[in-house]
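In what follows, a structure is listed as structure tokens, so that the remarks can point back to it.
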Number of protein chains: 2
Amino acid sequence: MVSIKDVARLAGVSDKTVSRVVNKEPNVHADTLQRVEAAIVSLGYVPNMAARLIRSNRSRTFGIITDFISTTPYSGDIVRGIQDWANANGRTVFLANTNGSLERERETWRTFQSHRIDGVLYVTMYHRVIDPESGDVHIPTVLVNCRPGPNRSYVSIEPDDFQGSRDLTKYLLEQGHRRIGYIRLNPRLLGAQLRYEAFREAIRDAGLSEQNLNVRLGMDGQIGEENNYVFAAATEILTQPERPTAIMCGNDEMALQAYIAALSLGLSIPTDVSIVGFDDFRTVSHALKPELTTAALPYYDLGYCSAERLERLLEGEDLDPKHATLPCRLVERGSVGAI
Amino acid sequence: MVSIKDVARLAGVSDKTVSRVVNKEPNVHADTLQRVEAAIVSLGYVPNMAARLIRSNRSRTFGIITDFISTTPYSGDIVRGIQDWANANGRTVFLANTNGSLERERETWRTFQSHRIDGVLYVTMYHRVIDPESGDVHIPTVLVNCRPGPNRSYVSIEPDDFQGSRDLTKYLLEQGHRRIGYIRLNPRLLGAQLRYEAFREAIRDAGLSEQNLNVRLGMDGQIGEENNYVFAAATEILTQPERPTAIMCGNDEMALQAYIAALSLGLSIPTDVSIVGFDDFRTVSHALKPELTTAALPYYDLGYCSAERLERLLEGEDLDPKHATLPCRLVERGSVGAI
DNA sequence: TTGTACGCGTTATCAT
DNA sequence: ATGATAACGCGTACAA
């Protein structure tokens with residue numbers, strides 16, 4: 001592999017001068033600069049980050065730790081957001097997936113430590129409370145899409161499920177809906193609680209009694225292998241005598257099932273019943289006709305902003321508050337009608 | 001940062017002895033070993049990979065280059081597969097996303113070069129022909145989910161869209177279907193051609209005339225911003241006098257739209273019409289009732305096997321054939337009925 | 001079994 | 001404006 005010395009020899013200068021050119025330091029004569037640059041190109045010299053790291057103790061790398069990835073299809077956008085920030089700011093990214101195994105997580109922290117990573121983005125694929133298992137490794141860390149347990153202190157960033165769900169509910173109310181069905185997410189998900197709470201609060205704030213509501217559990221059980229009651233629940237809600245005019249679903253996947261249930265009953269959307277989801281799973285929300293009104297989870301921005309926050313943390317800035325939140329934008333499409 | 005010397009000092013031995021312990025070399029006295037290990041633990045020493053790399057010129061890292069990620073939700077499973085292999089084999093993974101920009105791709109190759117990455121996994125998010133833009137950087141590379149242009153030579157691995165589509169078609173024929181509708185993927189996708197060709201071949205092999213077929217284009221235009229005709233096409237196919245008994249769709253997203261179209265027409269699945277997709281987008285295929293019969297794209301295995309192939313390439317093995325293919329497994333669920 | 005000397009590719013310091 | 005020298009953390013070769 002061609003080194004700085006080879007370049008120096010070819011250009012007839014010392015190593016240090018080449019180093020100056022490579023690092024765009026001042027005090028290099030224009031002629032020298034040209035000769036060195038020519039040598040670099042002709043030799044195809046690429047600086048060795050490892051050697052640089054040994055001296056400077058800064059690797060200019062971030063590490064991403066994820067838990068699962070497969071069940072929630074668009075959460076990968078978080079990683080995309082991180083990478084885009086990293087790319088725009090001269091950082092390279094290590095990626096490690098723990099598959100939810102604590103042992104692998106501990107190994108990962110050590111591996112990252114051995115690569116002298118500058119900081120870690122700890123990303124969960126669904127919104128939840130977490131305690132990173134870093135052993136005695138201490139690297140500046142930002143939690144993404146999750147929050148630390150009660151006694152721990154971390155910089156973190158989450159989607160605002162509460163605001164998203166409140167906006168969605170208010171929107172339904174504005175469209176004149178009063179009898180509303182609600183199909184709940186798996187209660188183990190943090191988002192499930194936040195969304196449901198926001199829904200109830202918005203209903204109360206509108207002066208409606210909860211008696212107008214039809215709340216059903218759509219899923220429960222362990223993440224990744226849950227029991228799914230959505231189709232049955234939606235069918236049941238929609239075959240009642242006083243049918244709700246709208247159904248709000250824990251997420252788009254569930255909205256899809258409610259959608260199928262409604263169509264199977266011969267109902268049309270949104271004429272007979274309006275449906276809203278959450279997350280903006282585009283494969284689903286765009287494929288439905290009419291397309292699905294939903295609240296978009298800001299996955300990409302979560303990633304992008306978290307990298308930004310990590311950088312600020314590394315620069316010694318005191319992030320206050322440590323905890324940030326990103327809004328879930330209401331995406332108005334065709335699946336909701338006015339009453 | 002604590003170095004090998006600090007450990008040596010605390011344990012009262014030389015650097016080299018610590019090095020022996022860390023690398024599990026023989027010829028260390030049991031007592032010495034214990035003292036050194038104790039020192040390592042108490043100091044929290046973690047070897048510096050950069051320093052190691054400088055001597056050995058092997059970084060034990062792979063780099064992953066991806067193009068897009070957002071549109072095809074489950075393609076992230078490729079990356080998961082790579083990571084699982086890497087984790088099980090003591091390798092760490094760099095990740096870089098080009099967003100389809102050639103400039104960024106060239107930068108990425110240089111960055112990887114500067115980190116002295118051992119090998120690159122070049123991953124495309126949809127199945128296609130590609131020419132990596134590596135400039136004058138030369139790192140052992142495996143193409144994943146794509147194949148090289150006609151004049152280039154690369155080790156590669158792809159899903160067998162042809163086999164998957166043929167199996168799916170044969171399955172429909174076995175169930176007695178003779179009048180079959182087909183809604184095509186965007187022709188710009190390699191998978192579109194392979195799947196359609198396999199469909200036609202299977203139909204011909206069964207001695208059926210293409211006159212029994214109703215082929216429609218479901219999508220066209222640039223990837224990521226295509227025009228979508230699926231709902232209209234499906235509706236049109238299903239309102240013909242001689243309605244097909246089955247519709248085969250380019251992928252599950254399109255199958256979902258055909259599904260919605262059928263239900264909207266008051267048809268039931270699979271009694272009135274059978275539907276099959278492709279890809280196994282689980283968010284969709286499991287949410288439909290009845291669930292969707294499809295062919296699963298082996299994303300995870302593509303990733304896992306590609307890492308394995310890269311390792312063999314690095315070990316100097318002569319991969320023959322350079323090109324590998326992984327089957328698309330038929331996933332039989334409820335959306336197809338017998339005639 | 002253990003230690004010493006040196007070199008890897010780079011940057012920092014100081015001198016010229 | 002440029003260069004000489006040392007140092008970073010570790011492994012290799014060799015010596016003890």
Whole-Å distance separating the CG atom of Asp15(B) from the P atom of dG3(C):
9 Å
Between atom CD in Glu25(A) and atom C1' in dT10(C), what is the gap in whole Å?
12 Å
Beyond-backbone contact of [X] with [Y], side-chain heavy atoms, under 4.5 angstrom:
X: Leu53(B); Y: Met49(A); answer: no
X: Ile65(B); Y: Leu121(B); answer: no
X: Glu107(B); Y: Asn87(A); answer: yes
X: Asp31(A); Y: Gln34(A); answer: no

If you fit an axis to the five pairs at each end of the helix from dT1(C)-dA16(D) to dT16(C)-dA1(D), how big is the angle between those two axes, to 10 degrees?
40°
Looking at residues at least two apart in the chain, or sitting in another chain, which of them share a salt bridge (Lys or Arg N to Asp or Glu O under 4.0 Å) with Glu317(A)?
Arg312(A)
The correct set of residues in residues 33-62 of chain A placing a heavy atom under 4.0 Å from DNA chain C is Tyr45(A), Pro47(A), Asn48(A), Ala51(A), Arg52(A), Ile54(A), Arg55(A)
Please determine if a side-chain N or O atom of Ser14(B) lies less than 4.0 Å away from the OP1 or OP2 oxygen of dT2(C).
no
Among pairs that include at least one residue of [range], which meet salt bridge (Lys or Arg N to Asp or Glu O under 4.0 Å), considering only residues two or more places apart or in two chains?
range: residues 5-17 of chain B; value: Asp6(B)-Arg9(B), Lys16(B)-Glu25(B)
range: residues 86-97 of chain A; value: Arg91(A)-Asp118(A), Arg91(A)-Glu311(A)
range: residues 129-156 of chain B; value: Arg106(B)-Glu133(B), Asp131(B)-Arg152(B), Arg147(B)-Glu158(B)
range: residues 38-60 of chain B; value: none

Could you note down all residue pairs passing ring-ring contact (aromatic ring centres under 6.0 Å, His included) where residues 90-128 of chain A supplies at least one of them, sequence neighbours left out?
Phe94(A)-His115(A), Phe94(A)-Phe94(B)
Crowded around Arg110(B) CZ? As in, over 12 foreign heavy atoms under 6.0 Å?
no
Within residues 299-309 of chain B or reaching into it, pairs that qualify as side chain to side chain donor-acceptor pair (under 3.5 Å) - sequence neighbours excluded:
Asp84(B)-Tyr300(B)
What are the bounds, 5' to 3', of the part of DNA chain D that sits under 4.0 Å from heavy atoms of chain A?
dA1(D) to dG9(D)
Between protein and nucleic acid, restricted to nucleotides 14-16 of chain C and to nitrogen or oxygen atoms under 3.5 Å apart, what atom pairs and distances do you find?
none

If you look at every strand shown and take non-hydrogen atoms under 4.0 Å, does Val22(B) touch a base, only sugar-phosphate, or nothing?
nothing
For Gln222(A), side-chain contact (heavy atoms from CB on, under 4.5 Å) partners two or more places apart:
Arg188(A), Glu225(A)
